Amino acid sequence: MSTQNVPDLETFIGGVRKRNPGEKEFHQAVQEVAADIIPFIADKPKYQEWEVLRRMAEPDRIVMFRVCWEDDNKNIRVNRGYRVQNNNAIGPYKGGIRFHPSVTLSVLKFLAFEQTFKNSLTGLPMGGGKGGSDFNPKGKSDSEVMRFCQSFMTELHRHIGEDTDVPAGDIGVGAREIGYMFGQYKRLTNSFVGVLTGKGMEFGGSLIRTEATGYGTVYFMEDMLKVRKDSFEGKTCLVSGSGNVATHAVEKINQLGGKVVTLSDSSGYIYDKEGIDADKLEYVKELKTVRRGRIEEYAKEFGCEFHAGKRPWDVPCDLAFPCATQNEVTKADAEILVKNGCQGISEGANMPTELAGIDVFKEAKIMYAPSKAANAGGVAVSGLEMSQNSARISWKEEELQQLLRNIMKDIHDNSAEYGRESEDYVNYVKGANVAGFVKVADAMLAYGVI
Ligand code: NDP
Ligand code: 2IT
């Protein structure tokens, strides 16, 4: 045990950069958390002396492996697979699997680090992990995706288990991929257990898991609005992305009386001034999950604007929901949002706003819900899926809807408690970081030095 004080932020982050060269997304995620935790622990020697923050920023374990598969033209393809098991102080490692060409060790380390705090915030017993591959599912046939998933799970199955590490979906991994991976795990281990979440309803899935992340992100905004005695009624909203999180965010915003005017994918964004109503949203879901087409087709179908290669943040709005990917809101985007009168941001994607963009939102004192709090609804319902699997029962939809709503409210209230800076301003970034930290840190202290 060291008696030296925790260093200042620059020294701490300098150490993280040195130990993890070139991993810029990981540095960014750790810096965002450390900026709040270092002042918080300044008068709490137990966390300092036992180097809790430094230990949290070093994953428990990382597995990296080759994934070979054969494409439809009989070519042998080689991808890289990963699982980052960041911290299991409060429960089995838990977190999604991402298939996207931009996946690197740095990306998965940032996601596993963030997941540790997010899972703690849910109040459920889950540690933090994340996995994935640089495999690009775009343009691949179903058989190619199946062979890739089977090959990926053939290695991964040695490292996971229902009480060890429970993966789920993320970018590029939805119901289809989870089905293929669960089937391969079951076949290899001859066991039918809740080793993955986001499963189909026929084989142990939970109702509302699909909707939970997007709905939860909108609930968090609803709770922030309530603090200001306001609601979604009549608000113009921007949503980015057009996948699982984005489409379910739109669904809930519509139900609560808001109007969504944008959606995007990696090729650009659509601007539909009339609003994306329930029928148009069904079109998007079919486009993205069945036909696997591009969002530009929406503009052709409904006769609205398509802006190639751009993100939607310069469209005037009341509220914004980044639901695509990391660092999709730059400092300049944040400035435009604020300038155009945006009053609130709730992040469905993980770490969508650059550090300098977060500073812009904080300075403007607008409502800003960071991803680890705002998108925790998905993993929360994953936690409920694990409970149902262990008990071999299925809960009813109303019960799960209510549990999700209550969990999001608790996350909001906890973050607001730790983050209140004045009568009329809550710093939810600080609130979520501190609230997420305390439970994991106290569990780590109980275990001694491991
Ligand atoms: P999907 O694969 O369903 O959708 C991803 C969407 O984001 C697509 O529209 C995709 O466009 C777009 N996108 C992905 N990468 C990029 C990129 N580099 N640049 C521009 N657009 C991009 O994923 P999800 O909806 O599940 O995930 C979206 C975000 O939400 C991610 O940050 C994920 O980590 C986070 N999240 C997901 C949860 C879940 O339960 N699924 C839970 C919590 C957070 P295109 O099709 O062109 O690639
Ligand atoms: O980022 C996330 O929280 C997810 N992709 C969901 C993780 C999960 O285990 O449900």
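Not measured: the values here are computed from a predicted model. Read the numbers this way: they start at 1 and go in the same order the structure lists the ligands and their atoms.
There is no side-chain donor-acceptor pair under 3.5 Å between N88 and K94.
Given atom 37 (C) of ligand 1, the protein heavy atom at minimum distance is V245 CG2, 3.5 Å. Counting only heavy atoms of the protein, atom 28 (C) of ligand 1 lies nearest to A324 O, 3.3 Å. Distance from atom 4 (O) of ligand 1 to its nearest protein heavy atom, with residue and atom name: G243 CA, 3.3 Å.
At a 3.5 angstrom cut-off on N or O pairs, G241 does not count as close to ligand 1. For a threshold of 3.5 Å applied to N or O pairs, the pair formed by N350 and ligand 2 contains at least one separation below that value. At least one N/O-N/O distance between G169 and ligand 2 falls below 3.5 Å. Polar contact with ligand 1: absent for L111 (N/O pair, distance under 3.5 Å).
Under the salt bridge (charged side-chain N to carboxylate O under 4.0 Å, His left out) test applied with E286, the options K280, R292, R291 reduce to a single match, R291. Just one residue in the list Y185, Y82, F65 forms a ring-ring contact (aromatic ring centres under 6.0 Å, His included) with F152, and that residue is F65.
For C323, every heavy-atom contact with ligand 1 shorter than 4.0 Å involves the backbone, none the side chain. Counting heavy atoms under 4.0 Å from ligand 1, residue R98 touches it through the side chain alone. Contacts between R294 and ligand 1 below 4.0 angstrom, taking non-hydrogen atoms only, involve the side chain exclusively. Neither the backbone nor the side chain of S102 comes within contact range of ligand 1; no heavy atom lies under 4.0 Å. Only side-chain heavy atoms of T213 come within less than 4.0 Å of ligand 1; its backbone N, CA, C and O stay farther off.
Against a heavy-atom cut-off of under 4.0 Å, K138 is close to the following atoms of ligand 1: 45 (P), 46 (O), 47 (O), 48 (O). Near S242, meaning under 4.0 Å from one of its heavy atoms, ligand 1 places the atoms 9 (O). Close approach of ligand 1 to A349 (heavy-atom distance below 4.0 Å) involves ligand atoms 29 (C), 30 (O), 32 (O), 35 (C). Using a 4.0 Å cut-off to heavy atoms of S264, the atoms of ligand 1 that qualify are 9 (O). Atoms of ligand 2 lying under 4.0 Å from any heavy atom of A168, numbered from 1 in the order shown and given with element: 8 (C), 9 (O), 10 (O).
Heavy-atom distances between R311 and ligand 1 stay at or above 4.0 Å for every pair.
For atom 10 (C) of ligand 1, no protein non-hydrogen atom is found at a distance below 4.0 Å.
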